[in-house]
Enquirer: 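I'd like to ask you about the structure that follows.
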Amino acid sequence: MDVGIGLPNAVPDTEGRTLVDWARRADEAGFSTLGTIGRLVYPNYEELIALAAAAAVTSRIRLTTSVLLAPLHTNTALFAKQAASLDRISGGRLVLGLGIGGREDDFAASGLTMAGRGRRFDEQLAEMQRIWAGEGRGDIGPIGPPSARPGGPELILGGSTEASFRRVARVAGGWIMGGGTPAMFAQAAAAVDQAWQDEGRPGKPRKLSLAYFALGPDARALADGYLGQYYAFLGDIAGQIAASAAVSPEMVKGYAAAFAEVGCDELIFVPTSSSLEQVGLLAEAVS
């Protein structure tokens, strides 16, 4: 199983220089990917911009939006162009993880409604793939640049419903779970594999998951502080999410082993602090 690390783009008050230094350290430490968290109504850095900064100071590590809320990007042609640009700039390292979103305030701030977002997402995916394939629209020519990968960046989709699993099987190369236990992952991953088989696609989809972490002497306080704030809209559930964060090397190793056991292809440990020492502490824990 590959082990990635999140970029602290969603940790409040993170300096831009810190994002760049974090990306460089993660690349040097051997992590498989840098992941980003997507929100609109929150003091986080936008994912494609944050990963473009990371691309400039890295050469090996994948760049994964885990996940970006696609329906908020209503200009699909521009969105496809942005993704292809980042993929080409990074030498084909972009993994475009997309989801439909679930927070009313993100949609309200965009002048959108949540109703029908699944249908809009399907239309958006189809249009982006036409653009990445080099197709124009009527008398409008192709929209570039060409992606570094034929047919566009690697595409993975989130979601926990049968409809989302079928969407993965139709158009994507993989699926990502936004959070949960290894048992939850195993159950959903089996459904994704079944949808993949039902669609008649060869092989298996790549399957990923996220897990929060904080390490060092203040680990518990860091996890509780950040996750309690980020998930405050969920009420008491915020405390449960914070309690599940890996706050010791032993917990990190345990999570990695458990997710590997149930067939996870890549586990991305998402930071709850932007202190640069977290990169080295996680690298040591998973070594």
Enquirer: For a side chain to side chain contact (heavy atoms under 4.5 Å, CB included) check, start with the C-alpha distance between Met128 and Gln124, then their side-chain angles and the critical distance, and finish with the verdict.
Expert: CA-CA 6 Å; Met128 287 193 295; Gln124 188 176 35; 4.2 Å; yes
Enquirer: Does anything in residues 54-84 pair up under ring-ring contact (aromatic ring centres under 6.0 Å, His included), and if so which pairs, sequence neighbours excluded?
Expert: His73-Phe79
Enquirer: Just verifying a value: how many Å separate Asp193 CG and Arg201 CZ, rounded to the nearest 0.5 Å?
Expert: 12.0 Å
Enquirer: Tabulate below the donor-acceptor pairs under 3.5 Å that side-chain atoms of residues 238-249 make, not counting sequence neighbours, or state none.
Expert:
unit_1, atom_1, unit_2, atom_2, d
Ser244, OG, Ile241, O, 2.6
Ser248, OG, Glu250, OE1, 3.4
Ser248, OG, Met251, N, 3.1

Enquirer: Show me the side-chain donor-acceptor pairs of residues 275-287 shorter than 3.5 Å, one per line, residues at least two apart or across chains.
Expert:
unit_1, atom_1, unit_2, atom_2, d
Gln278, OE1, Leu215, N, 2.9
Gln278, NE2, Leu215, O, 2.8
Ser287, OG, Glu284, O, 2.7

Enquirer: Taking all atoms of both residues into account, what is the closest heavy-atom pair of Ala214 and Thr272, and its distance?
Expert: CB-OG1, 3.2 Å
Enquirer: Output yes when Arg24 and Glu28 qualify as a salt bridge under the 4.0 Å nitrogen-oxygen rule, no when they do not.
Expert: no
Enquirer: Quick check: closest heavy atoms across Leu34 and Ala23, and the distance to 0.1 Å?
Expert: CD1-CB, 3.6 Å
Enquirer: Just verifying a value: how many Å separate Trp132 CH2 and Glu127 CD, rounded to the nearest 0.5 Å?
Expert: 11.0 Å
Enquirer: Any side-chain to backbone donor/acceptor pair from Asn44 onto Arg39? Under 3.5 Å, distance only.
Expert: yes
Enquirer: Can a salt bridge be assigned to the pair Lys204 and Asp265 using a cut-off of 4.0 Å between side-chain N and carboxylate O?
Expert: no
Enquirer: Do the side chain of Arg62 and the main chain of Val95 share a donor and acceptor less than 3.5 angstrom apart?
Expert: no
Enquirer: Side-chain heavy atoms nearer than 4.5 Å, only ILVMFWY residues, links allowed to pass through others: does that put Val11 and Trp22 together?
Expert: no
Enquirer: Between Lys81 and Gly144 (side chain of the first, backbone of the second, donor and acceptor by atom type, cut-off under 3.5 Å), is there such a pair?
Expert: yes
Enquirer: With clusters defined by side-chain heavy atoms of hydrophobic residues (ILVMFWY) lying less than 4.5 Å apart, directly or transitively, does Leu227 cluster with Met184?
Expert: no
Enquirer: Distance-only, no hydrogens or angles: does the Arg60 side chain make a donor-acceptor pair with backbone N or O of Asp27 under 3.5 Å?
Expert: yes
Enquirer: Going by atom types alone, do Gln194 and Asp198 pair a side-chain donor with an acceptor below 3.5 Å?
Expert: yes
Enquirer: Tyr230: which residues meet the ring pair (Phe, Tyr, Trp, His ring centres under 6.0 Å) condition with it, sequence neighbours left out?
Expert: Tyr42, Tyr226
Enquirer: How long is the straight-line distance from CG of Leu222 back to CZ of Phe213, given to the nearest 0.5 Å?
Expert: 10.0 Å
Enquirer: More than 12 non-hydrogen atoms from neighbouring residues, nucleotides or ligands closer than 6.0 Å to CD on Glu261, yes or no?
Expert: no
Enquirer: Ignoring hydrogens and angles, tell me if any N or O in the side chain of Trp175 forms a donor-acceptor pair with the backbone of Gly159 under 3.5 Å.
Expert: yes
Enquirer: Would you say Thr65's side chain and Leu96's backbone share a donor-acceptor pair under 3.5 angstrom?
Expert: no
Enquirer: For the CG atom on Asp13, are there more than 12 heavy atoms of other groups (residues, nucleotides or ligands in this structure) within a distance under 6.0 Å?
Expert: no
Enquirer: Out of curiosity, does Ile61 fall in the hydrophobic cluster containing Phe269 (side-chain heavy atoms, cut-off under 4.5 Å, transitive links)?
Expert: yes
Enquirer: Between Thr18 and Ser274, is there a side-chain donor-acceptor contact under 3.5 Å, judged purely by atom types and distance?
Expert: no
Enquirer: Begin with the C-alpha distance, continue with both residues' side-chain angles, and end with the deciding distance and a verdict on side chain to side chain contact (heavy atoms under 4.5 Å, CB included) for Leu40 and Leu69.
Expert: CA-CA 9 Å; Leu40 179 58; Leu69 308 181; 5.9 Å; no
Enquirer: So do Arg170 and Leu125 actually touch side chain to side chain, heavy atoms under 4.5 Å?
Expert: no
Enquirer: Do you see a donor-acceptor pair shorter than 3.5 Å between the side chains of Glu266 and Ser32?
Expert: yes
Enquirer: Would you please name every residue forming a side chain to side chain donor-acceptor pair (under 3.5 Å) with Ser90, sequence neighbours left out?
Expert: none
Enquirer: Is it the case that atom NZ in Lys253 sees more than 12 heavy atoms from other parts of the structure closer than 6.0 Å?
Expert: yes
Enquirer: For residues Ala52 and Leu86, report the shortest heavy-atom separation together with the two atoms involved.
Expert: CA-CD1, 3.7 Å
Enquirer: Any heavy-atom pair between the side chains of Glu47 and Leu7 that's under 4.5 Å?
Expert: no
Enquirer: If only atom types and distance count, is the side chain of Gln129 paired as donor or acceptor with the main-chain N or O of Val171 below 3.5 Å?
Expert: yes
Enquirer: Looking only at non-hydrogen atoms, find the nearest pair between Ser85 and Pro145 and report the distance.
Expert: OG-CD, 3.4 Å
Enquirer: So does Gly179 get a backbone contact from the side chain of Tyr212, meaning a donor-acceptor N/O pair under 3.5 Å?
Expert: no
Enquirer: On a heavy-atom basis, which atom in Gly174 and which in Pro205 lie closest, and how many Å separate them?
Expert: CA-CB, 4.1 Å
Enquirer: Taking ring pair (Phe, Tyr, Trp, His ring centres under 6.0 Å) as the test, write out the residues that go with Phe259, two or more places apart.
Expert: Phe185
Enquirer: Which distance, rounded to the nearest 0.5 Å, do you find between the CZ of Arg206 and the CG of Asp2?
Expert: 7.0 Å
Enquirer: To the nearest 0.5 Å, what is the distance between CD1 on Ile156 and CD on Glu154?
Expert: 6.5 Å
Enquirer: Between atom CD of Glu104 and atom OG1 of Thr113, what is the distance when rounded to the nearest 0.5 Å?
Expert: 8.5 Å
Enquirer: Counting heavy atoms not belonging to Gln187, are there more than 12 under 6.0 Å from its CD?
Expert: no
Enquirer: Would you confirm whether Arg93, through its side chain, and Thr58, through its main-chain N or O, come within 3.5 Å as a donor-acceptor pair?
Expert: yes
Enquirer: Among the clusters formed by ILVMFWY side chains lying less than 4.5 Å apart, do Leu78 and Ile140 turn up in the same one?
Expert: no
Enquirer: Write down the atom of Leu210, the atom of Leu267, and the distance for their closest heavy-atom approach.
Expert: C-CD1, 4.1 Å
Enquirer: Taking the side chain as every heavy atom from C-beta outward, state whether Val67 and Leu98 have any pair of such atoms under 4.5 Å apart.
Expert: no
Enquirer: Mind checking whether Val168 and Val262 sit in one hydrophobic cluster, side chains of I, L, V, M, F, W, Y counted as touching below 4.5 Å?
Expert: yes
Enquirer: Using a 3.5 Å distance criterion without hydrogens, assess whether the side chain of Thr64 forms a donor-acceptor pair with backbone atoms of Gly35.
Expert: no
Enquirer: Apply side chain to side chain contact (heavy atoms under 4.5 Å, CB included) to Leu157 and Phe121, showing your working.
Expert: CA-CA 11 Å; Leu157 304 179; Phe121 188 31; 3.8 Å; yes
Enquirer: Decide side chain to side chain contact (heavy atoms under 4.5 Å, CB included) for Leu72 and Leu112; before the verdict, give the C-alpha distance in whole Å, the side-chain angles of both, and the deciding distance to 0.1 Å.
Expert: CA-CA 8 Å; Leu72 303 184; Leu112 302 171; 4.3 Å; yes
